[in-house]
Amino acid sequence: MHLVGYARVSSVGQSLEVQVDKLTHCNKLFQEKASGNLNQRPQLQACLEYVREGDTLVVTRLDRLARSTLHLCQIADILARKVVHLKVIDQNIDTSDATGRLLFNMLAAISQFENEIRTERQMEGIIKAKENGVGFGRKQQLKATDIVSLHQKRQDGIMIKDLMREYKLSKATIYRYLQSSN
């Protein structure tokens with residue numbers, strides 16, 4: 001029965017020091033500087049492969065382990081199948097007992113709710129900005145006259161690769177311009 005620590009920060013400029021200090025009592029420590037995406041965290045994957053039945057995975061906060069309820073549930077499922085407990089230091093969660101499991105599930109649900117509310121507010125802001133004339137996305141790289149010229153050159157049989165070179169655009173962008181007037 002080992003205590004296995006996992007520490008993560010989202011960007012290279014952040015420090016793992018505070019988390020590592022709180023996890024010094026662990027027998028083994030996995031640490032990484034990576035985004036919250038589950039598939040892009042090799043140390044988390046290694047940690048989940050390393051833990052064995054009876055071990056406890058220790059993190060400082062739930063958001064260091066997962067960025068969404070879906071990821072949290074995926075990790076919780078892996079741990080449950082391996083009969084590994086989870087201990088979250090700052091939020092005082094320990095899934096080795098019923099109260100800890102209840103608290104874990106409640107915090108996961110609240111976290112999901114907060115994410116959904118944030119997304120709704122963001123969408124409302126985007127809609128309002130569009131109503132006020134704010135443009136989103138990248139600005140067009142070609143002027144209207146250049147787009148007409150591009151269409152004419154393509155109708156004249158100029159190859160896409162030559163148009164890419166002349167206009168300094170990707171193949172996808174050339175096709176987008178060609179499709180936009182059809």
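Just so it is clear, the values below take in all heavy atoms, side chains as well, and ignore hydrogens, waters and symmetry mates. Numbers here simply count residues along the sequence, with the first being 1. Remember, it's a predicted structure, so these values are computed and weren't measured experimentally.
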Can you list the steps and then say if L62 with L107 is a side chain to side chain contact (heavy atoms under 4.5 Å, CB included)? CA-CA 9 Å; L62 276 178; L107 286 175; 4.1 Å; yes
Roughly how far, to the nearest 0.5 Å, is [atom2] of [Y] from [atom1] of [X]?
X    : Y    : atom1 : atom2 : answer
I174 : L169 : CD1   : CG    : 4.5 Å
L16  : R64  : CG    : CZ    : 9.0 Å
I93  : R61  : CD1   : CZ    : 12.0 Å
E124 : T119 : CD    : OG1   : 11.0 Å
I127 : N132 : CD1   : CG    : 12.0 Å

Flag the pair R81 and D77 as a salt bridge only when some basic side-chain nitrogen lies within less than 4.0 angstrom of an acidic carboxylate oxygen.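 Salt bridge flag = yes for D77 with R81.
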Looking at E131, I'd like to know if its CD atom is crowded, meaning that more than 12 non-hydrogen atoms belonging to other residues, nucleotides or ligands lie closer than 6.0 Å.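 Yes - once you tally the heavy atoms of other residues, nucleotides and ligands closer than 6.0 Å, there are more than 12.
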Verify the distance criterion only: is there a donor paired with an acceptor across the side chains of [X] and [Y] at less than 3.5 Å?
X    : Y    : value
Y6   : E32  : yes
Y167 : S149 : yes
D94  : S96  : yes

Are V134 and I126 grouped together when hydrophobic residues (ILVMFWY) are joined by side-chain heavy atoms under 4.5 angstrom apart?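 Yes, it is one cluster - the side chains of V134 and I126 are joined through contacts under 4.5 Å.
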Set of side chain to side chain contact (heavy atoms under 4.5 Å, CB included) partners for I158, sequence neighbours left out: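 Testing I158 for side chain to side chain contact (heavy atoms under 4.5 Å, CB included), a comparison that skips the adjacent residues, returns K153, D162, L163.
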Main chain of [Y], side chain of [X]: is a donor-acceptor contact present, judged purely on distance under 3.5 Å?
X    : Y    : answer
R8   : D63  : yes
N27  : L3   : yes
K82  : L48  : yes
D55  : R52  : yes
T95  : G100 : no
Y177 : Q141 : yes

Answer yes or no on whether K171 is positioned over the face of Y175, meaning its NZ or CZ is under 6.0 Å from the six-membered ring centre and within 45° of the axis.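 Not flagged: K171 not positioned over aromatic ring of Y175.
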Decide yes or no on side chain to side chain contact (heavy atoms under 4.5 Å, CB included) for Q152 and V148, but give the supporting numbers first. CA-CA 6 Å; Q152 186 58 51; V148 171; 5.6 Å; no
Is there any side-chain hydrogen bond (donor to acceptor under 3.5 Å, both in side chains) pair reaching into residues 84-93, and which pairs are they, with sequence neighbours excluded?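 Non-adjacent pairs meeting side-chain hydrogen bond (donor to acceptor under 3.5 Å, both in side chains): K22-D90.
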